[in-house]
Amino acid sequence: MGAWQSYRLRLQRKRWRIRAFRKRRELRPVARRTDTIRPGAILVFSTFRNEAVRLPHFLGYYREIGVDHFLMVDNDSDDGGREYLASQPDVSLWTTGASYKRARFGVDWLNWLLLKYGHGHWALTVDPDELFVYPFCDTRPVRALTDWLDASSIRSFSAMLLDMYPKGGINDVPYEPGQDPLEIASWFDAGNYSIYRNSRYGNLWIQGGPRMRAFFADEPWRAPALNKIPLVKWDRQYAYVSSTHTLLPRGLNQVYDEWGGEKASGLLLHTKFLSTFGSKAREEIERGQHYAASREYRAYAEGLTDNPDLWCKWSEKYINWRQLEILGLMSKGNWA
Amino acid sequence: MSVGILMLVHTALDRAEQVIRHWNAGGCPVVVHVDRNVARDTYDRFVDALSDLADVHFCKRHRCEWGTWGIVAASLSAAETMLARHPGLGHVYLASGSCLPLRPVRELTAYLDARRATDFIESATTADVPWTVGGLDAERFVLRFPFSWRRHRFLFDRWVEIQRRLRLKRKIPEGIVPHMGSQWWCLTRRTLEAILTDPNRAEHDAYFRRVWIPDESYFQTLARHHSTRIESRSLTLSKFDFQGKPHIFYDDHLQLLRRSDCFVARKIWPHADRLYAAFLDPSEQAMKGAEPNPGKIDRIFAKAVERRTRGRPGLYMQSRHPHDGWGNGFTSAPYSVFEGFEELFVGFEGWLARLTGGRVHGHLFGPEGAEFVGRQPTYAGALSSHPAIRDYNADRFLTSLIWNTRGERQMFQFGPRDSQMISWNLARDANAQISVISGAWAVPLFQAGGDFGALRTEAARLQKIESEHLKHLRSPHAKARIRIWTMAEFLEAPMEGLQAIIDEIAGARRLKRLTEAPKMVDLTGFGQFLQNLKNQGMHPYLMGDFPVDGAPAREDKPLRKPYLVR
């Protein structure tokens, strides 16, 4: 890569940081407990809208693996989720009524919080419907992973989005607050992913899974990206470019080996396809606040009218991370 | 006789304290060196916390940076303190704060008592063992390293380069033969004393002070000089990964560590509560007086290094995306590609499946979509048969299919009507077995009949595509096992060709001789069809020479009956 392109990416990174700085005024603190964040704490950053039903399990899951503090942005929820979070001792909460879309789908808000509170910490940026799975997550807390990454001089850790879905119609089994969503959405696609390398940012562009085969068969290039880099030893110079798919500086996107070896990686189990999904899709289409004019949600809504069953004969049922490792969806790398 | 412990500590002081108490309770005197980088008040608290123990002492503090003299200086200071205070020791054991004793202390003392004159120190000459990461082995003893490898890598590398170019070399002190090995040793008091009181020690120290990573060579070299009996191995279980940093042990390694029968393990994750609780438990039962046997742990860590450096061939995923040609193979397992067979034989897929027991697909790259076996809409790994999805990334479609079906041979049909994106990678894939009957694409045209102008155009198109594909197969870069017959050639002895392919698929299993021949389509008039194409100015050359009248000679015989090669 030439010096010129290097310089342009640098300018771009500064632009995103300035933008995040400007957008900070859209955030109004509801419960700020950031003074309880101790050096070395592991932080979760998340933005959400009307996810009250998922939040209890979300917090429970990440507390269990050893996250110390949650920094959350509420985008105008009216289902009680904000009040619930405000009462949690390890959550700092901001709220905003501003446009999700104009905050580049929440990235500007999170970039600001990361800049302000994430510096020097391991930061995990996930949505409320994403569960982070990493090698040995059933026996080792996430701090074991971050300590190992620190010792190995690795600054960013990849975790591809793995879409989980139930067997049968999405609405067949209602999801209850606090319930493990994987009890219902326990199936996934094991090996139908397209991977391209993005030469500009140096990251991989991964698409596929049930969404591509069910909703984007005619236009596969429009299928949502699944590559994500959610866990980063944050520095105030860093910025997420689009969701957690891409980071700057671009060295942070180098989470894959190019000479045949495997780097360590995890997965984000994406439990979007639950009974809550239909109403969510309808609401989001009306608001038009999602990526590419809610194209994703529209495709789903159209599919949902026929009550799609994402399950197929070749779907794989989730057991544990070792199964995902053997299937080649994630890797232990040289962590043993 | 007993063993004295030298412990180098720099972080996780609470864990170090636990281990020190354990050693002490086992009757071992301990001398602790705390890195000078640890803050004064933290240090004071640490000393205070241990002040109730009689035989625990603290030595002069040095600044320890990785790969520098500081660590050796620390070990020397600690050793001096130890020998001054406990002159009657049998052995002295060097450990770090993140080392954990795996067997009761009395077992270690008993083991050492039985080997009073033996020094346990890994020590090998640089010429014999290419261990080192980064390539500096012999050179670490003859070059100078004024710049920190950690903090000033650029200067470090440049300075090494300059010295190489100018052939600058330091003189190695007389009587010294450089040896290297694990930093963690257990020496007899006698050997250690000899090293410390060597009349040339000042000279040795001055020399090693400028050697790179002296903690892996100072004692290792000088022990060779003074010892009467060296066991070149470390009693501390310590494994290194491909970057030269130690592997870390966690709670889930408990059983593995128990069964290793090693005395001490390094490095333990400070938050591994279960390990500390289990191994520091004073009621811990004696193992069985066995020799250390870290074989299983060795294998696990060796595998981890292999996964990181070589990976799983044929796998493409978020953290493994090899450059073209760097993946140790395009696909993960052998598979077969048949071109022109389905056109020539009726029910070829079923025949092949019956014979080989493998998975036989139709045209995976066909224009209407992937024809999976049984014409399913999805296949292993939930691969979609949709043509747009397949063609969006044809390479990953094929590699995913082969990866998803590991342990089961895949076979599929291919031809000029299919999407050709995969053609070049097929040819270069050593796992591919490609069998081609060139020109057989003309048979369906011949059977279809109809508008001859359209047929002629289609024939010209297919011939062009296939000849391009054959060019790939004949390229010097092609690595697949490739067989190409013209149609005329193949028809002269069809069973021979089939037998060769089937034998190769069966490999060592060497299955049955072909008893059931596939049924060939009726080719009466095919020669005339080709002649008609020629008459229209389109020369079909890929099928070889066909007589105009009737089919080649073989056609007269009834091909339904098996033609047995042997």
Side-chain angles (χ1 to χ4, degrees), chain A residues 136 138-141 143-144 147-148 151-153 158-160 188-197 204 206-210 212-213 216-221 223 226-228 255-265 267 312-316 327-336, chain B residues 239 241-243 245-248 250-253 267 269-272 297 300-301 303-323 326-329 332 376-384 386 388-393 395-397 400-401 403-405:
Chain A
F136 305 102
D138 48 1
T139 50
R140 301 178 195 174
R143 182 168 301 284
D147 280 357
W148 178 77
S152 310
S153 315
S158 154
M160 184 180 96
F188 62 92
D189 285 10
N192 56 5
Y193 298 94
S194 153
I195 309 177
Y196 282 109
R197 187 175 178 277
L204 295 181
I206 307 179
Q207 294 160 291
M212 186 190 264
R213 71 181 158 80
F216 293 89
D218 295 314
E219 305 176 298
W221 51 92
L226 303 176
N227 51 294
K228 288 214 169 197
V255 289
Y256 54 96
D257 190 281
E258 297 179 283
W259 311 104
E262 293 173 32
K263 290 191 179 178
S265 55
L267 286 167
C312 76
K313 177 182 162 193
W314 298 97
S315 297
E316 201 79 39
L327 288 170
L329 289 163
M330 60 186 270
S331 177
K332 292 185 279 191
N334 55 324
W335 201 30
Chain B
K239 295 271 121 199
D241 73 359
F242 76 117
Q243 290 169 314
K245 97 190 133 46
H247 279 296
I248 300 166
Y250 301 91
D251 282 347
D252 45 27
H253 290 123
K267 198 171 177 173
W269 188 47
H271 302 287
I297 291 177
I300 283 181
F301 288 127
K303 255 170 118 174
V305 171
E306 164 138 348
R307 199 181 311 114
R308 179 64 188 84
T309 50
R310 275 183 60 83
R312 292 172 273 185
L315 172 65
Y316 299 79
M317 44 99 75
Q318 54 171 332
S319 53
R320 181 180 202 267
H321 194 253
H323 281 298
W326 281 89
N328 312 314
S332 58
Q376 316 171 54
T378 50
Y379 195 63
L383 276 174
S384 168
H386 200 285
I389 293 185
R390 177 201 62 204
D391 290 345
Y392 178 51
N393 197 333
D395 285 353
R396 283 304 78 79
F397 175 83
S400 296
L401 175 71
W403 173 260
N404 295 342
T405 55

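By convention in this document, chain letters (A, B, ...) are assigned in the order of the sequence lines, proteins followed by strands, and residues within each chain are numbered from 1.
- The distance from atom OG1 of B/T309 to atom CH2 of A/W259, rounded to the nearest 0.5 Å, is 14.5 Å.
- Not one N or O on the side chain of A/N334 forms a donor-acceptor pair closer than 3.5 Å with the backbone of B/V305.
- Only the side chain of B/Q376 comes within contact range of chain A, judged by heavy atoms closer than 4.5 Å.
- Residues A/W148 and B/Y250 keep their aromatic ring centres 6.0 Å or farther apart.
- For B/R310, the part lying near chain A is the backbone, with the side chain staying farther off; criterion is any non-hydrogen pair under 4.5 Å.
- Atom CH2 of A/W221 sits about 13.5 Å away from atom CG of B/N393, to the nearest 0.5 Å.
- Proximity of a side-chain donor or acceptor of B/W326 to a complementary backbone N or O of A/G260 within less than 3.5 Å is not detected.
- Proximity to chain B (any heavy atom under 4.5 Å) is shown, for A/D189, by both the backbone and the side chain.
- At distances below 3.5 Å, at least one donor-acceptor pair connects side-chain atoms of B/N404 with backbone N or O atoms of A/G191.
- Using modelled atom types and a 3.5 Å distance limit, the side chains of A/S152 and B/K245 yield a donor-acceptor pair.
- Taken to the nearest 0.5 Å, the OG atom of A/S194 stands 8.0 Å off from the CZ atom of B/R396.
- The part of B/H247 that comes within reach of chain A is its side chain, from C-beta onward, which places non-hydrogen atoms under 4.5 angstrom from that chain.
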(request) Please report the C-alpha distance between B/R308 and A/E262 in whole Å, then the side-chain angles of each, then the deciding distance to 0.1 Å, and finally whether the salt bridge (charged side-chain N to carboxylate O under 4.0 Å, His left out) criterion is met. (result) CA-CA 5 Å; B/R308 179 64 188 84; A/E262 293 173 32; over 6 Å; no
(message) Checking B/D251 against A/R140 for the salt bridge (charged side-chain N to carboxylate O under 4.0 Å, His left out) test, could you report, in this order, the C-alpha distance in whole Å, the side-chain angles of both residues, the deciding distance, and whether it holds?
(response) CA-CA 8 Å; B/D251 282 347; A/R140 301 178 195 174; over 6 Å; no
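- With a 4.5 angstrom heavy-atom cutoff, A/I195 touches chain B via backbone and side-chain atoms both.
- Using a 4.5 Å cut-off between heavy atoms, A/L329 contacts chain B through its backbone alone, with no side-chain atom that close.
- Rounded to the nearest 0.5 Å, atoms CG (A/D257) and OG (B/S319) are 8.5 Å apart.
- The CD1 atom of A/I206 sits 8.0 Å away from the NE2 atom of B/H321 when rounded to the nearest 0.5 Å.
- Summarising the geometry, atom CH2 belonging to A/W335 is positioned 8.5 Å from atom CD1 belonging to B/I248; distances are rounded to the nearest 0.5 Å.
- Interface summary for chain A: among B/A388, B/A272, B/S384, B/P246, the most heavy-atom pairs under 4.5 angstrom belong to B/A388.
- Of the atoms belonging to B/Y379, heavy atoms from both backbone and side chain fall under 4.5 Å from chain A.
- Residue contact with chain A, scored on non-hydrogen atoms closer than 4.5 Å, involves the side chain of B/L315 exclusively.
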(message) Checking B/M317 against A/L204 for the side-chain contact (heavy atoms from CB on, under 4.5 Å) test, could you report, in this order, the C-alpha distance in whole Å, the side-chain angles of both residues, the deciding distance, and whether it holds?
(response) CA-CA 9 Å; B/M317 44 99 75; A/L204 295 181; over 6 Å; no
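- Between the side chains of B/Y392 and A/Q207, a donor-acceptor pair is found at a separation under 3.5 Å.
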